[in-house]
Amino acid sequence: MHMKQRQLYLRSIRELFGLRFFIPAYQRGYRWTREQVMALLADILEFVQRPTEDTDVGSFYCLQPIVVRQGTDDRGTYYEVIDGQQRLTTLYIILKYFQPQLEFLRYNLPELYTLEYETRQQGAYDSNQFLQRLGKEVTQEEADTNIDYHFMYQAYQSVKDWVGAQHNFQQHMVPFLNALVLSPSDNDKTKLSNIRIIWYDLGEGSKEESIQVFTRLNIGKIPLTSAELIKALFLQKRNFDPALLSLKQLQIATEWDQIEQRLQQDEFWYFLTNEPLMAGSTRIDLLFSLVKGPDDRRDTLGPFLTYSKELLDKDQIGRAKYIEDEWLKVKHCYLRLIEWFTDRQLYHYIGFLIQTHDTSRSSKKEDYRDLLRELLSTSRRMSKTDFLKELEGKIKDRLPQKKMLSELTYSTDSKPIERILLLFNIETLLQEDKSDARFPFHLFKKERWNIEHICSVADDITPSKRMPKNKREDWAKDLIPLFPDTNQPTHGAKKGQDVQQEKGQSIRAKLNELAKGTKEYDDGTFDKLYGEVARWLHEGDQIEEEDKDGLGNLALLDERTNKSYKNAFFAVKRMTIIDLDRHGRFIPIATKNLFLKYYTRFPMSMLYWSSMDAKNYLCAIERKLAKYFPSNTLETNNQNDDSE
């Protein structure tokens with residue numbers, strides 16, 4: 001038995017006339033709103049009103065895909081609609097409204113297509129009959145007897161209201177109707193501009209298979225992507241010599257799957273983009289977007305529509321050559337991206353530029369795909385050495401150029417500081433000759449890493465106002481290990497040490513009471529305890545006021561670490577960072593180093609962050625980024641080096 005193959009092509013609305021569509025019971029009823037109907041009408045009108053200089057002969061306005069499966073019964077051929085019944089129904093309602101004008105202007109059209117709903121029936125009429133009666137004797141009262149009828153009636157009224165609101169619609173009536181119902185003749189397929197749909201016939205199959213496809217496209221909220229449509233377009237058997245059909249189809253399908261599998265690896269994907277995708281979504285769309293150029297279409301199907309249009313008038317030999325050439329371009333693009341990903345230096349430089357694309361100083365927001373297209377073009381005409389220099393120049397353009405690093409402050413330069421700290425982490429890895437470690441952009445982008453103070457900065461808000469009561473027990477539990485055990489004997493200690501230890505034990509006892517809830521701490525008592533803890537840990541009193549908002553007191557911290565109880569003490573942040581690292585969580589290398597006091601050779605204490613720690617940390621940043629900020633080099637070299 002011959003099995004019908006999948007088909008994919010563009011169809012005019014005229015080509016739907018006379019067809020029979022079946023809407024199965026597993027689909028929801030018609031639910032388009034007034035706004036959706038009017039938006040579609042406005043888009044069609046905008047298409048026919050476009051300026052003469054923008055008019056492309058043979059251009060078309062393309063609607064989203066109609067996914068069908070062909071079947072037969074005792075009445076003949078029908079098409080089961082798996083996806084797109086809302087659009088089909090809306091188009092039918094629009095055509096129904098304009099039917100009198102079409103008849104008056106003698107378009108001599110065949111009968112409209114029919115929509116048969118498996119379970120939609122109310123009283124003497126089913127939904128198909130209700131649609132056919134729209135504009136005649138249907139009343140609001142009758143429409144309100146059924147929820148589907150209600151929305152169908154409202155859609156018809158929306159078309160009527162929209163036409164009435166267009167002051168100059170009469171002068172655009174004929175072009176509007178032409179775009180809506182005319183189709184190119186067999187001998188003149190390129191000269192008519194009209195509206196088309198993407199027709200995707202899945203071929204023969206069972207009802208269970210149809211439900212699976214419907215579930216994927218609708219319940220799972222995973223749309224039919226441009227790449228999936230391109231794959232179906234490229235693999236049609238009419239594109240190839242019958243003798244080579246299986247071989248060519250297998251080659252493209254195998255290479256396609258290999259590329260898609262690699263792009264599904266988060267480490268590769270997040271190196272190239274900042275876009276998270278739902279599980280099951282195709283990622284090869286990115287390559288087609290890069291190869292076919294920018295797309296201004298609202299429906300994101302630009303690459304598919306471009307391929308479809310360029311294939312339109314080619315014969316079998318021309319189609320085969322075109323597909324071979326275009327697929328080769330996609331593979332070359334992919335291999336270039338793999339080359340960047342594999343090369344450690346290119347990986348870090350390009351990864352930095354992608355990560356910071358939306359924080360560029362440019363007034364126009366830069367799309368990462370535009371950046372990738374530019375880099376692809378540049379890399380093809382340059383040696384690797386020159387390309388690296390080009391990348392370094394682009395990185396410099398993302399950094400503040402008119403200030404010394406020591407002059408940057410959190411309050412005025414938070415975004416540039418974020419880029420500097422990210423680059424510092426990257427250069428820390430790159431400048432380690434004996435290591436092949438790479439900055440994990442995929443982990444960095446999945447977490448929320450923000451620029452935060454290392455030593456918390458005091459504000460005018462009292463601790464009790466800053467910290468809600470439901471956070472105070474956890475706050476106390478985290479602090480307890482930092483204080484001497486109340487069971488630890490103090491005998492034998494020097495007098496000053498003895499007093500200090502007793503004071504620490506007293507604070508620990510209070511923290512235990514708060515953590516266990518054995519004693520009620522009102523706001524005033526809590527504020528007093530908070531002050532005792534801050535003094536014991538020297539929080540804030542070991543760093544100069546002018547250093548608190550400077551680069552030496554800023555780091556990349558994840559939100560959970562820094563904001564669990566707002567402005568946590570340095571010692572608590574340090575314990576949290578170490579604990580996260582112990583459990584395998586990603587910590588940026590420089591963030592981990594600073595909390596281990598790596599940049600200070602002889603730290604005074606591990607419990608607080610001092611001005612000396614801040615200055616040594618700043619010096620380390622200046623040294624690592626010297627090639628981007630040469631004016632900092634002399635200042636750094638003249639400072640007393642107490643680090644590394």
Side-chain angles (χ1 to χ4, degrees), residues 226-227 259-260 262-277 282-296 300 302-303 306 325-401 415-416 418-420 422-427 429-431 438-442 444-445 625 627-628:
S226 182
I259 293 173
E260 180 63 42
R262 189 63 186 272
L263 287 166
Q264 287 292 333
Q265 297 173 6
D266 281 351
E267 188 176 359
F268 185 37
W269 176 254
Y270 282 105
F271 156 64
L272 296 171
T273 83
N274 298 330
E275 291 185 2
L277 287 185
T282 57
R283 294 183 175 183
I284 200 172
D285 286 279
L286 173 64
L287 298 185
F288 291 111
S289 174
L290 296 177
V291 169
K292 296 310 286 183
D295 170 43
D296 295 329
T300 70
T306 302
D325 291 344
E326 292 301 315
W327 181 239
L328 189 60
K329 292 176 186 177
V330 173
K331 290 195 294 184
H332 284 168
C333 175
Y334 166 72
L335 291 173
R336 180 72 62 164
L337 299 179
I338 286 289
E339 176 191 346
W340 293 351
F341 178 73
T342 306
D343 185 282
R344 190 162 174 261
Q345 199 164 10
L346 291 174
Y347 165 82
H348 284 101
Y349 285 177
I350 294 172
F352 174 84
L353 291 172
I354 294 295
Q355 170 66 30
T356 58
H357 80 91
D358 59 346
T359 55
S360 170
R361 291 181 300 155
S362 170
S363 59
K364 181 181 178 182
K365 186 174 181 180
E366 181 185 73
D367 187 279
Y368 73 89
R369 284 164 296 201
D370 292 333
L371 174 62
L372 283 173
R373 291 186 195 102
E374 179 188 347
L375 295 180
L376 284 165
S377 176
T378 303
S379 66
R380 293 188 193 105
R381 64 175 186 268
M382 285 186 175
S383 66
K384 180 183 175 182
T385 301
D386 290 339
F387 185 49
L388 283 170
K389 289 180 181 177
E390 179 77 10
L391 294 176
E392 287 184 3
K394 288 184 175 299
I395 291 173
K396 284 184 180 180
D397 290 340
R398 299 286 175 91
L399 304 173
Q401 298 297 304
K415 286 298 181 182
E418 189 174 320
R419 296 195 288 270
I420 287 168
L422 175 60
L423 187 59
F424 175 49
N425 277 274
I426 288 171
E427 288 292 345
L429 295 171
L430 272 178
Q431 294 179 34
R438 294 154 65 94
F439 188 83
F441 290 104
H442 62 300
F444 184 76
K445 292 174 183 180
L625 304 186
K627 64 181 176 182
Y628 303 104

With a 4.0 Å cut-off, would you call [X] and [Y] a salt bridge?
X    : Y    : answer
R283 : D266 : yes
E326 : K329 : yes
E339 : K384 : no

About how many Å separate [atom2] of [Y] and [atom1] of [X], when rounded to the nearest 0.5 Å?
X    : Y    : atom1 : atom2 : value
H348 : R344 : NE2   : CZ    : 5.5 Å
S377 : M382 : OG    : CE    : 9.5 Å
Y368 : Q355 : OH    : CD    : 13.0 Å
H332 : L376 : NE2   : CG    : 12.5 Å
C333 : I338 : SG    : CD1   : 10.5 Å
E427 : L422 : CD    : CG    : 10.5 Å

Report yes if the side chains of [X] and [Y] come closer than 4.5 Å at any heavy-atom pair, otherwise no.
X    : Y    : result
Y349 : D343 : no
I350 : L371 : no
K331 : L328 : yes
L391 : F352 : no
F288 : T282 : no
Y334 : I284 : no
L429 : R438 : no
L272 : I354 : no

- For the side-chain contact (heavy atoms from CB on, under 4.5 Å) test, which of T356, L625, L423 pairs with L399?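 For L399, the side-chain contact (heavy atoms from CB on, under 4.5 Å) check succeeds only for L423.
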- Message: Can you give me the closest heavy-atom contact between I420 and P400, atom names plus distance?
- Response: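 Here I420 and P400 meet closest at CD1-CG, 3.8 Å.
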- Task: Could you walk me through whether L337 and F271 pass the side chain to side chain contact (heavy atoms under 4.5 Å, CB included) test, one step at a time?
- Result: CA-CA 10 Å; L337 299 179; F271 156 64; 5.7 Å; no
- Message: Looking only at the side chains, is there a donor atom on one of R373 and S289 sitting less than 3.5 Å from an acceptor on the other?
- Response: yes
- Under the side chain to side chain contact (heavy atoms under 4.5 Å, CB included) rule, what do D370 and E374 come out as? Steps first, then yes or no, please. CA-CA 6 Å; D370 292 333; E374 179 188 347; over 6 Å; no
[X] side chain to [Y] main-chain N or O, any donor-acceptor pair under 3.5 Å?
X    : Y    : result
H357 : L353 : no
R262 : F268 : no
K445 : Y270 : yes

- Y628 ring centre to R398 NZ or CZ under 6.0 Å, with the angle to the axis within 45°? no
- Message: Ring centres under 6.0 Å, that's the criterion: do Y347 and F441 meet it?
- Response: yes
- Task: Please report the C-alpha distance between H442 and Q265 in whole Å, then the side-chain angles of each, then the deciding distance to 0.1 Å, and finally whether the side chain to side chain contact (heavy atoms under 4.5 Å, CB included) criterion is met.
- Result: CA-CA 10 Å; H442 62 300; Q265 297 173 6; over 6 Å; no
- Message: Between V330 and W327, does the side chain to side chain contact (heavy atoms under 4.5 Å, CB included) criterion hold? Intermediate values first, please.
- Response: CA-CA 5 Å; V330 173; W327 181 239; 3.8 Å; yes
